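The shown structure was predicted, so the numbers you read here are calculated from the model rather than taken from an experiment. In the text below, chain A, chain B and the rest are named by the order of the sequence lines, each starting its count at 1.
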2 protein chains.
Amino acid sequence: MNQSRSNLKDAYSLILEAIDVGVYKPGDRLVESDLAERFGVSRTPIREALQRLETQSLLERDGRSLIVASLDHNQMAELYVVRRELEGLAASLAARHATVEEIRVLKDMVAEDDALVDKPSDLAKANRRFHEQIHLASHNRYLVQQLNLVHRSMALMATTSLAAEGRGEIAQAEHKRIVAAIEARDEEAAGQALKDHISVAFMTRLKQDAGTRGKS
Amino acid sequence: MNQSRSNLKDAYSLILEAIDVGVYKPGDRLVESDLAERFGVSRTPIREALQRLETQSLLERDGRSLIVASLDHNQMAELYVVRRELEGLAASLAARHATVEEIRVLKDMVAEDDALVDKPSDLAKANRRFHEQIHLASHNRYLVQQLNLVHRSMALMATTSLAAEGRGEIAQAEHKRIVAAIEARDEEAAGQALKDHISVAFMTRLKQDAGTRGKS
DNA sequence: GCCGGTGATATTGTCTCCAAACTGCCGGGA
DNA sequence: TCCCGGCAGTTTGGAGACAATATCACCGGC
């Protein structure tokens, strides 16, 4: 029916998830009273959630009202530049600071993900977890926070680049190289490997976009 | 007398400024009704502002209530690591993307700031403007946003490192080197110069802190 | 004398109402 | 026919009331 009474999560998570899942797409207008009704709460918590999402650039103002932010080509490029640098830093720091247990978890993850190589949506989820694990292994809370922001904005891009033909295998190979560098405590190599990984992902996305241009 | 009617700014800016100025210090508890009374508004805008500040890590939860976040040594170190990387990236991008007008403004700023070399508080303000100009010259809105976050957290550190003996002159020299690299369109050198600049600033702060430890 | 329970109080979280602003529509006049 | 102004509806921003809950102190029992 509706989720009025059912859900225990707060308005913020609910809206975030709705955007993630695609209930609200870039450009859609978010009306407070609609959301309030949909989630079975009053406008107050909705407003707070919307403001938080706005400060994270997931929503933007169009006049007085809020719409789901959309990323044009330039914004996507800018976002990848920042992401590349931050992820690279995370890998370098992980090479320095990760515990042996954390490294072990990374290795296990990569090994398990080999089985998912042909299931883009599962792989995408596993991929998020993998990167998040690297972030955490950096043991730098500000870096983790900033990367969370970046990844949240990435949710505004419709497709995952892992859906591209053969991208799964390549990404797995890249992941292995990254983990190997971290395990070897080679900060330089780890940072570079992750930067390269992001660059390839970006290029993959660019090619995808070039193919689907003008649809919408 | 009070700022009840006087101030046109919104609650968010007001609270932010109060933290900046030091009305509220790290560890202080922020009570919604107090703030509402102090600024002559109701609790609603206060709550929205507090939530935004919380998502930016300027406030943290202590049980149910919000307190001004404080940075211990580790957090400070982590923050500087991130800042160094992001500022370095900003300088590199500025070297690539800055317009001639922007570069001109940077040069003017540095030249003007020579006169402030012995006024730490004026210099601190000029310093912020200088760095912000570099951020903007990167022409990357996400980078600007992330650097804003970082600088906001830096406000939680009580002192400016520019107050240290002789730091003003050194910083000016470093600024000149940075601008020169940007003007020469040398991305590598610009990034490195700014990273070095941040490193020196961090070291300066560490020395300051070592001297004042245990006061409070 | 100390520990635990219980009640008062302070503070947050939510809701609802009200005012102001913007939108778009409709009608009148040039 | 087209443009301008006003009017109604929608939506946001703000205020204060109300409910829920955590905290703290006090009191009684062990």
Engineer: Out of the candidates A:Leu53, A:Asp28, A:Ile15, A:Ile67, only one should pair with A:Leu59 under the side-chain contact (heavy atoms from CB on, under 4.5 Å) rule; please name it.
Structural biologist: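 Testing A:Leu59 for a side-chain contact (heavy atoms from CB on, under 4.5 Å) against A:Leu53, A:Asp28, A:Ile15, A:Ile67 leaves exactly one candidate, A:Leu53.
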Engineer: Starting at CZ of B:Arg29 and ending at C1' of D:dC24, how long is that distance when rounded to a whole Å?
Structural biologist: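 Rounded to whole Å, this separation is 12 Å.
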Engineer: Would you please say whether a donor-acceptor pair under 3.5 Å links the side chains of A:Glu87 and A:His135?
Structural biologist: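 Yes, A:His135 and A:Glu87 have a side-chain donor paired with an acceptor closer than 3.5 Å.
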Engineer: Side chains of B:Asp62 and B:Ser65 only: does a donor on one sit below 3.5 Å from an acceptor on the other?
Structural biologist: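 Judged by distance alone, the side chains do not pair up.
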Engineer: Give the rounded distance in Å between these two atoms: CG of B:Leu66 and P of C:dT11.
Structural biologist: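 In whole Å, C:dT11 P lies 13 Å from B:Leu66 CG.
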Engineer: Round to the nearest Å and state the distance from A:Leu14 atom CG to C:dT14 atom P.
Structural biologist: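 The distance from CG of A:Leu14 to P of C:dT14 comes to 12 Å, rounded to the nearest Å.
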Engineer: Could you list by number each residue of residues 46-59 of chain A showing a heavy-atom separation from DNA chain C of less than 4.0 Å, or answer none if no residue does?
Structural biologist: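 Listed by number, there are none.
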Engineer: Report the C-alpha separation of B:Arg52 and A:Thr55 in whole Å, then their side-chain angles, then the decisive distance to 0.1 Å, and conclude whether the side-chain hydrogen bond (donor to acceptor under 3.5 Å, both in side chains) test is met.
Structural biologist: CA-CA 7 Å; B:Arg52 283 173 69 181; A:Thr55 64; 5.4 Å; no
Engineer: Are side-chain heavy atoms of B:Met154 and B:Tyr80 found at a separation under 4.5 Å?
Structural biologist: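 Heavy-atom side-chain distance check passes, below 4.5 Å.
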Engineer: Establish, from distance only, whether the side-chain atoms of A:His73 and A:Asp209 form a donor-acceptor pair under 3.5 Å.
Structural biologist: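 No, no side-chain donor-acceptor contact under 3.5 Å.
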Engineer: Please state how far atom CG in B:Leu35 lies from atom C1' in C:dT11, giving the value in whole angstrom units.
Structural biologist: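 After rounding, the gap between these two atoms is 13 Å.
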Engineer: What is the separation between atom CD1 on B:Ile67 and atom C1' on C:dT12, rounded to the nearest whole Å?
Structural biologist: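 Going from B:Ile67 (CD1) to C:dT12 (C1'), I get 16 Å.
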Engineer: Are side-chain heavy atoms of B:Val82 and B:Leu86 found at a separation under 4.5 Å?
Structural biologist: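 Touching, per the 4.5 Å side-chain cut-off.
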Engineer: I want to check something: taking the side chain as every heavy atom from C-beta on, are B:Arg47 and B:Thr44 in contact at a cut-off of under 4.5 Å?
Structural biologist: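 In short, these two side chains do not touch, never coming nearer than 4.5 Å.
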Engineer: Does the pair A:Arg167/A:Glu174 count as a salt bridge with the N-to-O cut at 4.0 Å?
Structural biologist: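 Result for this pair is yes, salt bridge flagged.
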Engineer: Show the distances under 3.5 angstrom between N or O atoms of the protein and N or O atoms of nucleotides 16-19 of chain D.
Structural biologist:
none

Engineer: Is any side-chain N of the basic residue among B:Lys107 and B:Glu183 closer than 4.0 Å to the acidic one's carboxylate O?
Structural biologist: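 Yes, this pair counts.
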Engineer: Please list, pair by pair, any protein nitrogen or oxygen found under 3.5 Å from a nitrogen or oxygen in nucleotides 20-25 of chain C.
Structural biologist:
unit_1: C:dA21; atom_1: N3; unit_2: A:Arg64; atom_2: NH2; d: 3.1

Engineer: Given atom CG of B:Asp10 and atom C1' of D:dT12, what is their separation to the nearest angstrom?
Structural biologist: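 For the pair B:Asp10 CG and D:dT12 C1', the rounded distance is 15 Å.
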Engineer: Can you tell if the side chain of A:Leu89 reaches within under 4.5 Å of the side chain of A:Leu194, non-hydrogen atoms only?
Structural biologist: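 Answer no - side chains too far apart.
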